Undergrad: 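Please see the structure below; I have some questions.
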Amino acid sequence: MRKETADKIVSGYAQSTTALLNLWLNHDMDRGFDIKLVGGKVKRMRLNPQAFFISDADAQRCTFHLRGASGIRPCFRCKNIVAKGYGEVDPHGFFKEISCSQYSQLQISSDAETFQSIDHLSTIRTAKQLDNFEKSCGINFRPFSFWNDRVQRNRLPPSHVLGDPMHIFWANGCMSAEINLFLAAFQTNVGNIDILITSLNGIPFQTGGHKGHSAHVKRMLSAKLFQGPLYKGSARQCSSVMWLLWYAIQKLLIGRDILVKEIQSFSAAIDICRTLDRFTYSTEVVQNDINLYLHQVDRHQALFNVAYPDDCRPKHHARYHVVDALRLLGKYLHCEPHAPCMIS
């Protein structure tokens, strides 16, 4: 649904999501159906329908009225994650800034705790107190909000609101930042990024639908896509450019005493790329896979904080909540198509 359409509906995306759930999770599903067993006995099979909301952060903010990065608590799922600068004033060490690099330190809110905060919002009488509590809990009060409907709470609780890895990593995400931050450091400390870009022309690179097309590689490496803090290409292009740059780094920079911290961060990001590629083509994700992923994210976040101490984004933290989907569903769900790429 386009934003301009949702804006014409009372409570917009929240009401639209409610209508869809009413359509999909109807009473016929609750009643179930009969099956006949060997021997003639009839058993009633009842369904336990559940919904999951997988989207980018903007859709979550619109649908569930989240404050996002504008709140003291930029992640409504974590009790102790706060915006940059707020963690320093906690003498007890409970609160961690959004650049926290240890999953074990995160305190995840239960659905009941989130609903308790939402219920408390409706009892606040002054605008200033309401604004302060909204900032501290990460959720805005709206009379017609999705979770003010108690029927919908059971159908789609906060723990079933999942981030889309495509947006977290590739579409203006963590890897988009990694690319442009590294190139900015290269430009500052080594020389013009054309040195790297030129080294990639003509290599036998393959990406879905564009095998060996040098023109396609040139489009992905267009200078205009590297302007600003984030790589501006598509998610698929971002994924491909990560591997292209890693190839160039290994050919030109590994073994030289330059950009050591930045290369360590990039190398750790590539390890995550490998794991995500494997998840994409796996029929099942098990606990050992989750443990490896969390270890790699912890490691990359720590190295990223050293290389780029002022450039952590909310999506770097959102990577930790990809685990929520892996555990709930046992699969890696995302909005990107299968797009194999390799350098031969």
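Keep in mind the model is a prediction, meaning the values are calculated, not measured.
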Undergrad: Counting only heavy atoms from other residues, nucleotides and ligands, does the tally under 6.0 Å from CD of Gln107 exceed 12?
TA: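 Atom CD in Gln107 is crowded, with more than 12 foreign heavy atoms closer than 6.0 Å.
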
Undergrad: Can you get from Ile258 to Ile249 by hopping between Ile, Leu, Val, Met, Phe, Trp and Tyr side chains that sit under 4.5 Å apart?
TA: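 Cluster IDs for Ile258 and Ile249 match.
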
Undergrad: Looking only at atom types and distance, does a side-chain atom of Thr188 sit under 3.5 Å from a main-chain N or O of Ala184, one as donor and one as acceptor?
TA: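 Yes, the answer is positive, given that a donor and an acceptor are paired below the 3.5 Å cut-off.
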
Undergrad: Using modelled atom types and a 3.5 Å cut-off, is there a donor and acceptor pairing between side-chain atoms of Thr126 and backbone atoms of Gln129?
TA: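 Yes.
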
Undergrad: Check whether Lys43 reaches the backbone of Leu37 with its side chain - one donor and one acceptor, N or O, closer than 3.5 Å.
TA: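 Looks like no, no N/O pair under 3.5 Å.
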
Undergrad: With the 4.5 Å side-chain cut-off for hydrophobic clustering, are Phe304 and Leu106 part of the same group?
TA: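 Cluster IDs for Phe304 and Leu106 match.
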
Undergrad: Of all the heavy-atom pairs spanning Asp298 and Gln102, show the shortest one and how long it is.
TA: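 Of all heavy-atom pairs spanning Asp298 and Gln102, the closest is OD1-CA, 3.4 Å.
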
Undergrad: Before accepting this row, confirm whether a basic side-chain N of the pair Asp111/Arg153 lies closer than 4.0 Å to the acidic partner's carboxylate O.
TA: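 Here Asp111 does not pair with Arg153 in a salt bridge, since their nearest N and O are not under 4.0 Å apart.
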
Undergrad: Thr114 and Ser109: which non-hydrogen atoms are nearest, and at how many Å?
TA: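 Scanning both residues, the minimum pair turns out to be OG1-CB, 3.9 Å.
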
Undergrad: Cation over ring, Arg319 on Phe169, under 6.0 Å and within 45°?
TA: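 Judged by the rule, Arg319 and Phe169 form no cation-pi pair.
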
Undergrad: Take Asp289 and Arg278 through the test side-chain contact (heavy atoms from CB on, under 4.5 Å) and record every step on the way to the result.
TA: CA-CA 10 Å; Asp289 297 322; Arg278 185 166 57 83; 3.1 Å; yes

Undergrad: Given side chains that start at C-beta, do those of Ile124 and Phe141 come closer than 4.5 Å, heavy atoms only?
TA: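 No, side chains not in contact.
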
Undergrad: What closest approach, in Å, do Ala302 and Ser101 show between heavy atoms, and which atom pair accounts for it?
TA: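 Shortest heavy-atom separation between Ala302 and Ser101 comes out as N-CB, 3.6 Å.
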
Undergrad: Using salt bridge (Lys or Arg N to Asp or Glu O under 4.0 Å), reason through Glu284 and Lys331 one step at a time and then give a plain yes or no.
TA: CA-CA 5 Å; Glu284 184 182 19; Lys331 297 183 184 298; over 6 Å; no

Undergrad: Got a donor-acceptor contact below 3.5 angstrom from the Asp164 side chain to the His334 backbone?
TA: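 Flag not set: sc Asp164 to bb His334 has no pair under 3.5 Å.
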
Undergrad: Measure the shortest side-chain to side-chain distance between Phe279 and Val322 over non-hydrogen atoms and say whether it is less than 4.5 angstrom.
TA: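 Answer no - side chains too far apart.
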
Undergrad: Is any NZ, NE, NH1 or NH2 atom of the basic residue among Glu134 and Arg67 found under 4.0 Å from an Asp or Glu carboxylate oxygen of the other?
TA: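 Salt bridge: yes.
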
Undergrad: Identify every side-chain donor-acceptor pair in residues 51-59 under 3.5 Å, counting partners at least two apart or on other chains, and give the distances.
TA:
| from | atom 1 | to | atom 2 | distance (Å) |
| --- | --- | --- | --- | --- |
| Asp56 | OD1 | Ala59 | N | 3.0 |
| Asp58 | OD1 | Arg61 | NH2 | 2.1 |

Undergrad: Which heavy-atom pair separates Tyr103 from Val323 by the least distance, and what is that distance?
TA: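 Result for this residue pair: OH-CG1, 4.1 Å.
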
Undergrad: Between Ser145 and Asn148, does a side-chain hydrogen bond (donor to acceptor under 3.5 Å, both in side chains) hold up when you go through it step by step?
TA: CA-CA 5 Å; Ser145 71; Asn148 274 339; 3.1 Å; yes

Undergrad: Knowing that exactly one of Tyr231, Phe266, Phe186 qualifies, which makes a side-chain contact (heavy atoms from CB on, under 4.5 Å) with Leu245?
TA: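 Passing option: Phe266.
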
Undergrad: Go through the steps for Ile35 and Val42 under the test side-chain contact (heavy atoms from CB on, under 4.5 Å), then give the verdict.
TA: CA-CA 6 Å; Ile35 60 171; Val42 176; over 6 Å; no

Undergrad: Hey, is the main chain of Gln105 close enough, under 3.5 Å, to the side chain of Asn80 for a donor-acceptor pair?
TA: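 The answer is yes, because a donor-acceptor pair under 3.5 Å joins these two groups.
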
Undergrad: Do the side chains of Leu221 and Phe226 get nearer than 4.5 Å, heavy atoms only?
TA: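 Result yes, sub-4.5 Å side-chain heavy-atom pair found.
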
Undergrad: In Å, rounded to the nearest 0.5 Å, how long is the span from NE2 of His65 to CZ of Phe76?
TA: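 Here the rounded value is 13.0 Å.
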
Undergrad: Any side-chain heavy-atom pair from Leu162 and Leu329 closer than 4.5 angstrom?
TA: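 Side chain of Leu162 against side chain of Leu329, heavy atoms only: contact under 4.5 Å found.
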
Undergrad: Side chains of Pro229 and Asn180: closer than 4.5 Å at any heavy-atom pair?
TA: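 When only atoms from C-beta onward are counted, Asn180 and Pro229 do not touch, as no gap falls below 4.5 Å.
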
Undergrad: Using side-chain heavy atoms (C-beta onward) and a distance below 4.5 Å, is Val286 in contact with Ile290?
TA: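 Answer no - side chains too far apart.
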
Undergrad: Is His317 close to Ile81 at the side-chain level, that is, under 4.5 Å between some pair of heavy atoms?
TA: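 Yes, their side chains come closer than 4.5 Å.
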
Undergrad: What are the two closest non-hydrogen atoms of Ala269 and His300, and how far apart are they?
TA: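 Shortest heavy-atom separation between Ala269 and His300 comes out as N-CD2, 3.5 Å.
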
Undergrad: Any side-chain to backbone donor/acceptor pair from Ser136 onto Phe133? Under 3.5 Å, distance only.
TA: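 Yes, the answer is positive, given that a donor and an acceptor are paired below the 3.5 Å cut-off.
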
Undergrad: Output yes when Lys41 and Asp34 qualify as a salt bridge under the 4.0 Å nitrogen-oxygen rule, no when they do not.
TA: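 No, no charged N to carboxylate O under 4.0 Å.
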
Undergrad: Please lay out, stage by stage, how Val151 and Asn154 fare under the test side-chain contact (heavy atoms from CB on, under 4.5 Å).
TA: CA-CA 6 Å; Val151 173; Asn154 293 327; over 6 Å; no

Undergrad: Using a side-chain heavy atom cutoff under 4.5 Å and only I, L, V, M, F, W and Y, what cluster partners does Val38 have?
TA: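 Direct or chained contacts put Val38 with none.
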
Undergrad: Where do Lys315 and Gly173 come nearest, in terms of heavy atoms and distance?
TA: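 Smallest interatomic distance, heavy atoms only, reads CD-CA, 3.7 Å.
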
Undergrad: Hydrophobic clustering (ILVMFWY, side-chain heavy atoms < 4.5 Å, transitive) - are Leu130 and Phe115 grouped together?
TA: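 Per the 4.5 Å side-chain linkage, Phe115 and Leu130 are co-clustered.
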
Undergrad: Between Arg155 and Asp149, is there a salt bridge with N-O shorter than 4.0 Å?
TA: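 Salt bridge flag = no for Arg155 with Asp149.
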
Undergrad: So, do Ser110 and Glu113 sit near enough that their side-chain heavy atoms are less than 4.5 Å apart?
TA: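 They are in contact (side-chain heavy atoms under 4.5 Å apart), so the answer is yes.
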
Undergrad: Measuring from Ser265:OG to Gln301:CD, what's the distance to the nearest 0.5 Å?
TA: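 The distance works out to 8.5 Å.
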
Undergrad: When you measure from the side chain of Ser234 to the backbone N and O of Gln237, does any donor-acceptor pair fall under 3.5 Å?
TA: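 Side chain of Ser234 to backbone of Gln237, a donor-acceptor pair under 3.5 Å: yes, one is there.
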
Undergrad: With clusters defined by side-chain heavy atoms of hydrophobic residues (ILVMFWY) lying less than 4.5 Å apart, directly or transitively, does Leu181 cluster with Leu230?
TA: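 In one cluster with Leu230: Leu181, no.
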
Undergrad: What distance separates Ser176 OG from Ile168 CD1, expressed to the nearest 0.5 Å?
TA: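 CD1 of Ile168 is found 12.0 Å from OG of Ser176.
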
Undergrad: With salt bridge (Lys or Arg N to Asp or Glu O under 4.0 Å) as the criterion, how do Arg274 and Asp277 come out once you've worked through the C-alpha distance, each side chain's angles and the decisive distance to 0.1 Å?
TA: CA-CA 5 Å; Arg274 290 191 181 98; Asp277 283 346; over 6 Å; no

Undergrad: For the CD atom of Glu262 and the CG atom of Leu303, what is their distance to the nearest 0.5 Å?
TA: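 Atom-to-atom, Glu262:CD and Leu303:CG are 11.0 Å apart.
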
Undergrad: Decide whether Tyr332 and Leu292 are clustered together by the hydrophobic rule: side chain heavy atoms of Ile, Leu, Val, Met, Phe, Trp, Tyr closer than 4.5 Å, transitively.
TA: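 No, Tyr332 and Leu292 fall in different hydrophobic clusters.
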
Undergrad: Looking at Gln60, is its backbone amide N or carbonyl O close enough to the side chain of Thr63 to form a donor-acceptor pair, meaning the two atoms are under 3.5 Å apart?
TA: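 No: the side chain of Thr63 does not pair with the backbone of Gln60.
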
Undergrad: Ignoring hydrogens and angles, tell me if any N or O in the side chain of Ser240 forms a donor-acceptor pair with the backbone of Arg236 under 3.5 Å.
TA: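 Checking the backbone N and O of Arg236 against the side chain of Ser240, a donor-acceptor pair under 3.5 Å is found.
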
Undergrad: If I take atom CG from residue Leu121 and atom CZ from residue Arg142, how far apart are they, to the nearest 0.5 angstrom?
TA: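 Going from CG on Leu121 over to CZ on Arg142, the span is 10.0 Å.
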
Undergrad: To the nearest 0.5 Å, what is the distance between OG (Ser99) and NE2 (His316)?
TA: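 Nearest 0.5 Å value for the OG-NE2 distance: 10.5 Å.
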
Undergrad: Please step through side-chain contact (heavy atoms from CB on, under 4.5 Å) for the pair His321 and Cys75, ending with a clear verdict.
TA: CA-CA 10 Å; His321 293 293; Cys75 173; 3.3 Å; yes

Undergrad: Would you check if the side chain of Trp243 reaches a backbone N or O of Ile270 as a donor-acceptor pair within less than 3.5 Å?
TA: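 Here the side-chain-to-backbone pair does not exist.
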
